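Beneath this line is the structure, given in structure tokens, with notes to follow.
So that the names make sense, note that chain A is the first sequence line, chain B the second, and so on, each numbered from 1. Values in this document were obtained by computation on a predicted structure and should not be read as measured data.
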Protein chains: 2
Amino acid sequence: MVSVATMRDVASEAGVSTATISRYLNGKTNHMSSATAKRVTEAIKKLNYVPNESARQLITKQSRLVAVVAADVDDYFSTEIFKGVNSVLKKNNFIAVLMDSDSDEQRELGTLSSLNQQMFGGVIIQPLSNDLKAFKKVIPQNIPVVMLDRQVENSPWPSVVTNNYTISKKAAQYFKDQGLNHVFVITNNVKNVSTREERLSGIKAVFHENVQIIEPGDNEDSFNVAYEKLKRSVAATHGGLIFALKERWLLKFLPKLIRDGVIRKSDGVHMTGFSDTSLTDNIDPGIKVINQDPYQIGVSAAQILIEGVESATQPIAKKIEIPAQF
Amino acid sequence: MVSVATMRDVASEAGVSTATISRYLNGKTNHMSSATAKRVTEAIKKLNYVPNESARQLITKQSRLVAVVAADVDDYFSTEIFKGVNSVLKKNNFIAVLMDSDSDEQRELGTLSSLNQQMFGGVIIQPLSNDLKAFKKVIPQNIPVVMLDRQVENSPWPSVVTNNYTISKKAAQYFKDQGLNHVFVITNNVKNVSTREERLSGIKAVFHENVQIIEPGDNEDSFNVAYEKLKRSVAATHGGLIFALKERWLLKFLPKLIRDGVIRKSDGVHMTGFSDTSLTDNIDPGIKVINQDPYQIGVSAAQILIEGVESATQPIAKKIEIPAQF
DNA sequence: CTGTTAGCGCTTTCAA
DNA sequence: TTGAAAGCGCTAACAG
């Protein structure tokens, strides 16, 4: 492999000491004769010099690498968050990288503990687990941390989330005002996941006891069971609102509900839900859904993180809500 | 911030030298009395010691961090590749991280040059640009590189791609055998992107001159223009095959074509294309599409990369094709 | 089987 | 405005 120029090489090329190169590199160029500055610039270019991050980190104990640990990188929501984070970090001269918990709490902990090697200057986590104790064990202690999307109970870290309760309530109210008085909520098991709990609360605040929960499960069979159950329930209540707490269910149920004639234009059955992409609109143009703003969530988290890195303190554990659109 | 135990602390805690700790950590434990090994184990646990990667990298010039630079992290295809890469790297004790070129050739180059700091032990790139010279400038020279999905002409790096030509031809032949004798190919500009060129060639090998290209463009207006054009053309040729070179177009065109009655069951109009997710199947159950295997592409790329890292040589520039399903 | 020692490439006082 | 020199935490000869 090719050998690389070091700071010493640059120093001798420019006829100065390494200290001068270092100062130059760190922008301490105000107390520096423009003649030497120029010679250094040229030497760097000539030798194609790139500073060695490891050496720098070793002494400064700082890193400009920031890890974003996503619940599942296959999720558009997660990757949009990353894009938001990336946009602000890049401006501030940090490098953002995305890591994957793969929807698996064990892997999440594994991923997080791999960060414990002082290579990263900060971590942004979209948590999967709700186990505060486990998190405290594996999350690096010496770098700033920000949580996203979901909240860990009693967490000491700041978090940025969608206004799940408010926006769910708003959407529910909209359809109630249309005359629908029953709602079928499609969701996975809601236990322990702050996001789903808040959404459900918002819906219940409008429809009270007229809320029925449908859990499609993870395989095709249980989906079919859930689908049939939904169809029967909709028929039994002479219509109502079908509310998917996750885009995945919207995409899975909506086309079938349309094909089967369960949902028709100007009818007593409507569907809505949390939708991150425009795919639902392709399927059913004009459908009214909740659009979160993952990009902005990422932006906001990154800003908090940067404050933490620059001040070398853990950001305080405030909670920030990013409004969704309906 | 919390101060962290160093190797020295562990050494004095265990009553041995740092060299012993180092050997222990690097698995050179075969020439080591089990008594000291045990003392070291305990000291490490007691002090909660985690090795400092920067110091290690500084001297070994090796890193177990591998960057996967995706064309667009919003793409399911890119993230599945990452999952494949991650699965094999993790087993081999590497840490894989995902970075984003954001579908922008300039940013791609920016992202790549940020890798030039010896923090990464290898790079896997899903290239966007086809500009070999630009790549050579920014791609780290001293670590192994593997290309994915697309090929850079005359590239010195190994690449792993789908068997685009073969599978496109197979799919085309299938529909030709059904009696369709005209094909409408929906694609972005094909110039300079190896993937699209190969797919188109495969289709042309079957339909010869009966191939019409539709370019939907990037905004809603140009999409509508393209859509209307497609409808007219289909009517004019009394049917045919609509072939989307990218899943995005499948998702955008298919629901509308179904709603508008252009595609009906047992009719002279069929649609197919490259589809990575099961979303198309939700929309039109039983539709026959090409399924690539991004996960396997990632696995294969990671294996090649690891060989390169372990042998400290640049992998040779072979091309590996991963078969798709139809 | 284990310790001593000399750096890896950089930053940062302290002096000049 | 610049340089000399110490040292960050680790690895790898070389000795013993």
Report the C-alpha distance between Lys46(B) and Asp9(B) in whole Å, list the side-chain angles of each, state the deciding distance to 0.1 Å, and finish with yes or no for salt bridge (Lys or Arg N to Asp or Glu O under 4.0 Å). CA-CA 11 Å; Lys46(B) 178 171 176 196; Asp9(B) 302 329; over 6 Å; no

Whole Å only: how far is the CZ atom of Arg39(B) from the P atom of dG3(C)? 8 Å

Give one of base, sugar-phosphate or nothing for Ser54(A), where a contact means two heavy atoms less than 4.0 Å apart. nothing

For dT11(C), does OP1 or OP2 lie under 4.0 Å from any side-chain N or O of Asn26(A)? yes

Indicate, with a heavy-atom threshold strictly under 4.0 Å, whether Met7(A) touches base, sugar-phosphate, or nothing. base

Counting any heavy atom closer than 4.0 Å, what does Tyr24(B) reach on the DNA or RNA strands: base, sugar-phosphate only, or nothing? nothing

Counting the atoms with a prime plus P, OP1 and OP2 as sugar-phosphate, which does Thr6(B) contact under 4.0 Å by heavy atoms, base, sugar-phosphate, or nothing? sugar-phosphate

Is it the case that the side chains of Gln118(B) and Asn142(B) hold a donor-acceptor pair, with the cut-off being a distance below 3.5 Å and no angle test? no

Could you state the atom-to-atom distance from CD1 of Ile21(A) to C1' of dG9(C) in whole Å? 13 Å

Tell me which of Val16(B) and Leu58(B) sits closer to the 5' end of DNA chain C, going by the nucleotide each one is nearest to. Val16(B)

Would you say Ser87(A) and Tyr295(A) are linked by a side-chain donor-acceptor pair, where the criterion is simply a distance under 3.5 Å? yes

Between dC10(D), dG7(D), dT2(C), which nucleotide gets closest to the side-chain atoms of Ile59(B)? dC10(D)

How close or far is atom C1' of dC8(D) from atom CG of Asn52(A), stated in whole angstroms? 13 Å

Assess the side chains of Asn52(A) and Gln117(B): does a donor N or O sit below 3.5 Å from an acceptor N or O? no

Which listed nucleotide (dC10(C), dC10(D), dT2(D)) is nearest to the side chain of Ser33(A)? dT2(D)

Over how many whole Å does the gap from Asn142(B) atom CG to dG9(C) atom P extend? 12 Å

Counting side-chain heavy atoms from C-beta on, which of dA4(D), dC10(C), dT11(D) comes nearest to Arg23(A)? dA4(D)

Earlier contact from the 5' end, DNA chain D, for Thr18(A) and Met32(A): Met32(A)

With a cut-off of less than 4.0 Å, is there a side-chain N or O of Lys28(A) near OP1 or OP2 of dT12(C)? yes

Tell me the interatomic distance from Gln118(B), atom CD, to dC10(D), atom P, rounded to whole angstroms. 20 Å

Write down the distance between CE (Met119(A)) and P (dC10(D)), rounded to a whole number of angstrom. 14 Å

May I ask you to say whether Lys136(B) pairs ionically with Asp131(B), meaning some side-chain N is under 4.0 Å from a carboxylate O? no

Specify the separation, in whole Å, of atom CZ of Arg8(A) and atom P of dG3(D). 14 Å

Gln57(B) has an atom CD; how far is it from atom P of dG9(C), in whole Å? 13 Å

